[in-house]
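Before any comments, here is the structure.
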Amino acid sequence: MADAAASAKQPASNSPGWDATTSAIIAQAELAETPELGMRNDAVGTHGIGRLDYKIIDGKVVYADSGPVRIMITEALVGPANEPNLGDLKQAMTGVYGTDFGVHSPTWISRFTDMTRQAVEYRDRRVLLAGDAAHVHSPDGAQGLQMGVQDAVNLGWKLAQVVDGTSPQSLLDTYHAERHPAAARVLRTTMAHVALRRPDERIAALRDTVAEFLKHDAPRKQFAAKMFGLDIRYDFGETHPLLGRRMPDLDLLTVHGTLRLSPCCTRRGPCCSTSANRGAFNGVSRPDRVQLIDADYNGDWQLPALGPIDAPGAVLIRPDGHVAWVGDRTQQGLAEALTTWFGSP
Ligand SMILES: Cc1cc2nc3c(=O)[nH]c(=O)nc-3n(C[C@H](O)[C@H](O)[C@H](O)COP(=O)(O)OP(=O)(O)OC[C@H]3O[C@@H](n4cnc5c(N)ncnc54)[C@H](O)[C@@H]3O)c2cc1C
């Protein structure tokens, strides 16, 4: 009975989501014959053959006359979960091009799908999931690797602080709280990408409509920010547009000269005060691991892709570059932010 009750509480899968609706074989190999280079669209989907050796001339890809190729063939039916072999590649190429162009000597052959899944919990005590172990989705939009790297950057400094006793174990729970929603959004975006490239006249009409929309500056910038993960905002409140976002990488002016901000985001999180709030960190118990920078920035304050924001008077930045506190002529909330992110002084 107890077992049944316990299992009833378990989610159906620790990684729920959506099964694959499309798959493609990809490979790097040699061809005995001259292939049709470039992309091809048909009733099944998009396919492509390109030489590894190419140049971009006047915005166009110009392939070398010979050399190994990369091949991508969308499959008519979702392929099995096993690794494809040369026979599978030949068959798929023949199905699309009517020939396999004498494909031989593959360096590698693989298959990818649009399976879309995300772990329910990124942390179970001492086990933490990051990268594709935490979330998988179609490679459309090229976001998987950067998502995984951002997971690691978010988690690394927290792990270090818990291991060296600076912060309590609960700091690790903020990893799931921050990164799970970020990946969930990417999963939705990649599902939209896959849907938009379906070979269907109605989807083609939708694609044209979206393309028209993206000719305008504001939606294009917003979309670009989403694609590059630059619009990610962790939920630390709404008092300033910088709060929870990644700090822009500025050249700050200090009494010692120009200081690039991003190299300062090491394990010692920086707190910067500008002349608008020069005494922001005075009289506050500050852990040693926080470095104080008195600096100014005379340019426009811009968030990459998102546009101009009001200049902050003072900021506390976490080691992963996200802004944990913003103070304009006030220290309100600073002591709490220092304790939350850097342990007690
Ligand atoms: C066709 C394609 C194109 C892509 N293009 C892009 C792109 O342009 N930009 C982008 O950002 N992302 C892209 N991605 C996604 C990106 O490749 C992945 O998101 C990224 O590689 C995931 O990295 P990872 O380290 O989390 O996992 P993996 O790269 O899968 O690494 C996990 C490693 O763990 C090893 N391993 C597994 N089990 C064990 C075990 N029990 N013991 C020891 N080792 C083990 C595996 O062999 C593997 O080396 C693409 C993906 C595909 C399929």
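The analysis underlying the following values was restricted to heavy atoms, covering all of them including side chains, and did not include hydrogens, waters or symmetry mates. Start at 1 and go down the list; that is how both ligands and their atoms are numbered.
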request  = Give me the ring orientation class for F281 and W325: parallel if the planes are under 30° apart, tilted from 30 to 60°, perpendicular past 60°.
outcome  = perpendicular
query = Where does the angle between the aromatic ring planes of W341 and W157 fall among parallel (under 30°), tilted (30 to 60°) and perpendicular (over 60°)?
reply = tilted
Does a side chain donor of either [X] or [Y] reach within less than 3.5 Å of an acceptor in the other side chain?
| X | Y | result |
| --- | --- | --- |
| T21 | R198 | yes |
| D114 | T22 | no |
| Q161 | S167 | yes |
| T258 | D251 | no |

Is at least one protein non-hydrogen atom found at under 4.0 angstrom from [atom]?
| atom | answer |
| --- | --- |
| atom 48 (C) of ligand 1 | no |
| atom 32 (C) of ligand 1 | no |
| atom 4 (C) of ligand 1 | yes |
| atom 19 (O) of ligand 1 | yes |
| atom 11 (O) of ligand 1 | yes |
| atom 22 (C) of ligand 1 | yes |
| atom 45 (C) of ligand 1 | no |

Nearest-contact summary for [atom] - protein heavy atom, Å:
| atom | value |
| --- | --- |
| atom 7 (C) of ligand 1 | A142 CB, 3.4 Å |
| atom 14 (N) of ligand 1 | P139 CB, 4.5 Å |
| atom 53 (C) of ligand 1 | F112 CB, 3.7 Å |
| atom 16 (C) of ligand 1 | L145 N, 3.9 Å |
| atom 27 (O) of ligand 1 | D132 CB, 4.0 Å |

Can you list the atoms of ligand 1 that are under 4.0 Å from a heavy atom of [X]?
| X | result |
| --- | --- |
| G131 | 26 (O) |
| Q143 | 10 (C), 11 (O) |
| Q146 | 11 (O) |
| I26 | 1 (C) |

key: Ionic contact status for D151 with R179, cut-off 4.0 Å   = yes
task = Drop me the distance from L242's CG to M247's CE, to the nearest 0.5 angstrom.
result = 6.0 Å
message = Tell me if the CZ atom of R260 is crowded by more than 12 foreign heavy atoms within 6.0 Å.
response = yes
ask   = Are the side chain of T189 and the backbone N or O of R185 linked by a donor-acceptor pair below 3.5 Å?
value = yes
